[in-house]
Amino acid sequence: MNPNIAANQQRLFLEFLGELRPHLGRDSSLPRRIKEIFARNRSIGSRDRKLYRELVYTALRFLPWIEPWLDRDPPLAAKITAWLAPELKPTSVYRATHCGDWPPVPERLADKAETLAALLSAGREPLPESHFDPQSLLPAWFRDHCPKAFESPHLDALNSRANVWVRIQCNERSLVFDEFHARGWAYATSPDFPDAISLPPNAEVATSDAYRRGFVEIQDLGSQMVLAHAAILPGQRWLDACAGAGGKTLQLARVLGAQGHVDATDIRVEILDELADRAKRARLDNISIVRAAADAYDGVLVDAPCSGSGTWRRQPHLKWYVKPETIASFTATQLQILTANAKPVRPGGLLVYATCSLSHCENADLAAEFLRSHPEFKPELPPKNFGGEFDGIGTSLLPGTHDTDGFYVATLRRNP
């Protein structure tokens with residue numbers, strides 16, 4: 001790479017990060033702010049935007065390891081970021097230029113920390129042991145909420161660049177695999193979930209013909225596993241009470257089949273337009289978008305709004321934004337939503353409570369509080385164990401088990 005281009009890219013990255021630093025830990029919408037910063041810099045093309053995005057998100061992911069160097073040695077901070085950044089097409093040349101003299105990045109987080117400490121101690125005073133502590137990459141207060149998040153392999157997964165998971169929703173699977181192969185995307189299947197496909201982080205699935213034609217939907221395997229923990233039968237009628245853009249709605253509609261039906265609703269009415277478009281693209285005509293629930297359903301899915309700690313690998317800025325008081329505010333809302341949506345569950349029906357949180361406060365504690373005031377519901381053991389941890393009420397799906405986001409799901413059966 002031309003030395004002037006390399007120096008300019010490093011300078012711009014440090015400028016972008018400097019503009020973001022005052023907002024770290026304060027702005028839950030940091031990705032929107034990042035897009036706005038890039039949009040204002042019209043001189044950078046789409047390829048460079050991908051590079052800077054990877055660098056910025058790497059810095060957010062490894063912030064405690066990088067931020068101490070930003071003021072004392074910015075080029076070194078940029079070099080550490082380049083070394084930790086994933087090896088992808090947009091980052092390859094930049095990484096080779098700025099950290100090509102360093103060894104390859106180890107896969108394990110502990111080995112990354114040890115290698116960095118050795119590299120940065122060479123010719124200097126030895127660094128304190130805590131400087132590259134892997135556990136510093138999660139907020140210390142979160143240990144009380146999910147101790148296992150601080151252990152391997154879950155700590156490694158939470159601090160790695162996530163793959164893209166898709167769910168096949170067509171019968172002619174070869175149409176999907178042929179296109180992925182033609183695009184050079186190495187893919188892997190899951191033995192327990194044949195419709196779930198893992199793709200590399202840089203796979204631009206939304207530009208694929210398979211996506212445009214509704215043959216696949218982008219949905220993390222952890223999200224797909226939520227419904228697998230409930231005894232859903234074809235032909236039933238369900239309500240998706242927090243449907244959002246509809247990832248689980250579409251999956252639920254396919255599980256229920258042509259004779260089944262899903263009513264989908266959300267307090268964010270505007271986001272349901274995206275669900276309508278996705279349902280049309282997937283050619284699913286057993287979904288209705290409703291403003292209010294009907295009287296009785298065989299099942300109600302409450303995929304509740306939460307702190308999102310299970311998605312920190314995709315949204316690393318949230319690690320530094322979410323606080324204990326943030327979680328406390330979510331639990332109050334979650335209990336209200338779960339209580340309201342228990343009413344339309346028919347006798348003998350299922351109430352499925354799910355979050356993408358790893359905090360026991362939003363998960364087992366919340367479900368237990370609901371059950372204390374609703375004795376007509378009882379926890380139900382999942383029909384199959386997919387490696388999650390059942391706590392007597394629900395199941396924690398930890399990110400290191402299947403290389404996914406983290407989720408919690410409790411299936412509660414109403415008395416007949």
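Small disclaimer: the values here were computed from a predicted structure and weren't measured.
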Scan Thr265, Val262, Asp298, Leu351 and name whichever one has a side chain to side chain contact (heavy atoms under 4.5 Å, CB included) with Leu239. Thr265
Asn363-Thr355 side chain donor-acceptor pair, cut-off 3.5 Å: yes
Any carboxylate oxygen within less than 4.0 angstrom of a Lys/Arg side-chain nitrogen, looking at Lys79 and Asp101? yes
Taken in chain and number order and not counting sequence neighbours, the residues that satisfy side chain to side chain contact (heavy atoms under 4.5 Å, CB included) with Asn8 are Arg11, Leu12
Between the side chains of Arg183 and Asp209, is the shortest nitrogen-to-carboxylate-oxygen separation below 4.0 Å, so that they form an ion pair? no
Would you call Tyr321 and Pro139 a side-chain contact if the rule is heavy atoms closer than 4.5 Å? no
Determine whether Phe62 and Leu137 satisfy the following criterion, side-chain contact (heavy atoms from CB on, under 4.5 Å), listing intermediate values before the conclusion. CA-CA 6 Å; Phe62 294 96; Leu137 298 178; 3.7 Å; yes
Arg281/Glu217 salt bridge by N-O under 4.0 Å criterion: yes
Residues that Phe386 engages under ring-ring contact (aromatic ring centres under 6.0 Å, His included), provided they are two or more places apart: Phe193, His229
Are Arg53 and Tyr57 in a cation-pi contact, defined as NZ or CZ under 6.0 Å from the six-membered ring centre and within 45° of the axis? yes
Side chains of Val322 and Trp141: does their closest heavy-atom pair fall under 4.5 Å? yes
Taking only Lys NZ, Arg NE, NH1 and NH2, and the carboxylate oxygens of Asp or Glu, determine whether Lys50 and Glu204 approach each other closer than 4.0 Å. yes
On the 0 to 90° scale, with breaks at 30° and 60°, tag the Phe377-Phe370 ring pair as parallel, tilted or perpendicular. tilted
For the pair Glu274 (side chain) and Gly246 (backbone), establish whether a donor and an acceptor sit closer than 3.5 Å, ignoring hydrogens and angles. no
Do Asp71 and Arg21 meet the salt-bridge criterion of a basic N to acidic O distance under 4.0 Å? yes
